[in-house]
A.B. asks: 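Below is the structure I would like to discuss, written out as structure tokens.
Just so we're clear, the structure is a prediction, and the values are computed from it rather than from any experiment. Just so you know, ligand 1 is whichever comes first in the structure, and atom 1 is the first atom listed for that ligand. Values reported hereafter were calculated over all heavy atoms of this structure, with side chains retained and with hydrogens, waters and symmetry mates removed.
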Amino acid sequence: MNQWKKLYVLGSGCFGKVYYAVKMDPFSSCAHDVVAVKCADVSRSSSLQLEAQVLATLKGSPHVVQFFGSDISLDNNILTYNLYLEYASAGSLHDLIVNSKRGILSLPEKQVVYLTYQLLKGIQDVHNTGWVHCDIKPTNVLIFKYAQHIGLHLKLSDFGMSSKIAQGMTYTTGTVMSNRGDLAYAPPESLTSSFPGKAYDIWSLGCTVSEMMTGYQVWVYRNNNDLQWNIMYGDPIIPTYVSENARDFLYKCFIKDPLRRWTTEQLLQHPFIQQAYYMLG
Ligand SMILES: Nc1ncnc2c1ncn2[C@@H]1O[C@H](COP(=O)(O)OP(=O)(O)OP(=O)(O)O)[C@@H](O)[C@H]1O
């Protein structure tokens with residue numbers, strides 16, 4: 001993959017940096033002229049290597065960022081692990097939310113329906129390949145292009161916290177999950193049981209959908225202890241000014257018992273999401 005030249009930093013995460021890179025060799029076989037390259041010191045690249053493993057199983061999913069391969073390079077005398085991804089030209093869902101007017105119906109409900117439908121399709125593909133994403137939140141949802149007749153095209157990204165679905169496991173109380181993503185989007189069971197199931201991503205989806213509607217995170221908290229208490233014993237604030245269908249959809253995502261929380265299949269049949277099928281025609 002050394003036909004790519006890293007031009008500038010797009011962003012950074014706890015793993016390392018993401019660069020915008022252009023193709024050096026115009027005759028190479030890769031169909032893309034630009035890519036996003038996620039980089040980390042080889043010695044600290046375990047989450048990027050996990051991400052490569054997960055993304056390889058999700059090739060072709062329309063709502064998951066596409067992966068072109070990985071390699072190791074010597075950058076400024078540092079052995080660097082590189083992960084080559086399709087480049088999202090329109091930023092993240094977080095950018096879209098903060099650039100919209102915060103408050104009542106931050107994004108119009110019709111738009112939220114279509115965006116949520118795409119997130120559900122992406123999550124369904126992740127679950128069907130045997131993974132749980134474990135870090136769904138607006139900064140980890142990338143926007144690819146604007147198709148005027150239907151709206152924005154979203155894809156899930158940042159699979160560095162993903163976990164294999166443990167077959168036949170039950171939700172037992174034990175060690176707190178070690179690979180939990182951002183606590184503000186994490187479900188109650190992440191604080192009491194030691195492995196994540198598919199229901200983890202549904203709770204995080206609910207937090208993300210609510211944020212699209214209000215412009216704010218579901219929890220108001222002063223510190224981590226406060227946040228943990230809210231997640232365990234509080235109820236996420238569901239906006240009162242959204243439609244009955246939207247409210248019910250959020251209730252189904254925020255069922256505290258992960259075994260009763262709705263699945264992607266059930267949520268795709270929910271009346272809130274059914275509206276997306278009419279929009280798609
Ligand atoms: N494929 C991509 N195309 C365009 N920009 C990207 C791409 N992947 C990541 N970025 C940018 O790089 C930033 C950091 O990447 P990444 O999403 O992996 O980390 P993060 O979620 O922001 O941080 P953390 O790892 O702490 O959760 C993103 O917020 C986004 O702005």
Side-chain angles (χ1 to χ4, degrees), residues 1 4-23 30-41 44-56 58-71 75 80-100 118-119 122-123 125-126 131-146 152-163 177-186 190 196 200-201 203-205 207-208 211-212 217 224 227:
M1 304 290 284
W4 297 102
K5 183 176 172 55
K6 294 168 191 161
L7 288 187
Y8 55 85
V9 175
L10 284 166
S12 42
C14 45
F15 59 88
K17 288 191 169 128
V18 183
Y19 288 89
Y20 175 89
V22 293
K23 188 155 57 173
C30 182
H32 298 262
D33 291 331
V34 296
V35 287
V37 192
K38 269 181 112 161
C39 310
D41 286 10
R44 299 197 301 127
S45 64
S46 57
S47 79
L48 287 197
Q49 293 190 38
L50 167 68
E51 186 160 9
Q53 194 192 342
V54 180
L55 287 173
L58 283 157
K59 275 194 175 172
S61 169
H63 297 297
V64 172
V65 69
Q66 291 300 287
F67 163 65
F68 303 131
S70 61
D71 65 10
D75 293 8
T80 305
Y81 184 87
N82 304 296
L83 191 74
Y84 297 88
L85 303 170
E86 64 178 323
Y87 167 64
S89 56
S92 71
L93 181 59
H94 173 76
D95 302 329
L96 181 71
I97 293 170
V98 296
N99 291 330
S100 310
Q118 296 180 69
L119 291 178
I123 296 170
D125 286 348
V126 174
W131 295 97
V132 187
H133 184 289
C134 293
D135 202 16
I136 290 172
K137 58 179 176 176
T139 51
N140 288 340
V141 176
L142 298 177
I143 302 178
F144 277 77
K145 64 181 177 199
Y146 185 75
L152 303 165
H153 188 157
L154 298 189
K155 298 193 183 196
L156 297 173
S157 75
D158 202 353
F159 285 76
M161 293 282 175
S162 301
S163 179
M177 283 176 199
S178 54
N179 59 338
R180 189 185 55 215
D182 192 327
L183 184 60
Y185 300 83
S190 70
Y200 189 119
D201 288 340
W203 180 281
S204 311
L205 171 76
C207 297
T208 303
E211 199 167 324
M212 284 195 256
Q217 292 188 354
N224 255 16
L227 176 58

A.B. asks: Applying a heavy-atom distance cut-off of 4.0 Å, which protein residues contact ligand 1?
C.D. replies: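 Leu10, Gly11, Ser12, Gly13, Cys14, Phe15, Val18, Ala36, Lys38, Glu86, Tyr87, Ala88, Lys137, Asn140, Leu142, Asp158.
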A.B. asks: Is there a side-chain contact between Val37 and Leu83 (heavy atoms, below 4.5 Å)?
C.D. replies: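 No - every pair of side-chain heavy atoms lies 4.5 Å or more apart.
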A.B. asks: Excluding sequence neighbours, so at least two apart, what forms side chain to side chain donor-acceptor pair (under 3.5 Å) with Asp182?
C.D. replies: Lys137
A.B. asks: Hey, can you tell me if Tyr20 and Tyr8 have their rings parallel, tilted or perpendicular (30° and 60° cut-offs)?
C.D. replies: parallel
A.B. asks: Quick one: side chain to side chain donor-acceptor pair (under 3.5 Å) partners of Ser45, sequence neighbours excluded?
C.D. replies: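 By the side chain to side chain donor-acceptor pair (under 3.5 Å) rule, Ser45 matches Gln49.
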A.B. asks: Show your reasoning for whether side chain to side chain contact (heavy atoms under 4.5 Å, CB included) applies to Leu55 and Val65.
C.D. replies: CA-CA 8 Å; Leu55 287 173; Val65 69; 4.1 Å; yes
A.B. asks: Please identify each residue that fulfils side-chain contact (heavy atoms from CB on, under 4.5 Å) with Val9, with sequence neighbours left out.
C.D. replies: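 Result, side-chain contact (heavy atoms from CB on, under 4.5 Å) vs Val9: Lys17, Tyr19.
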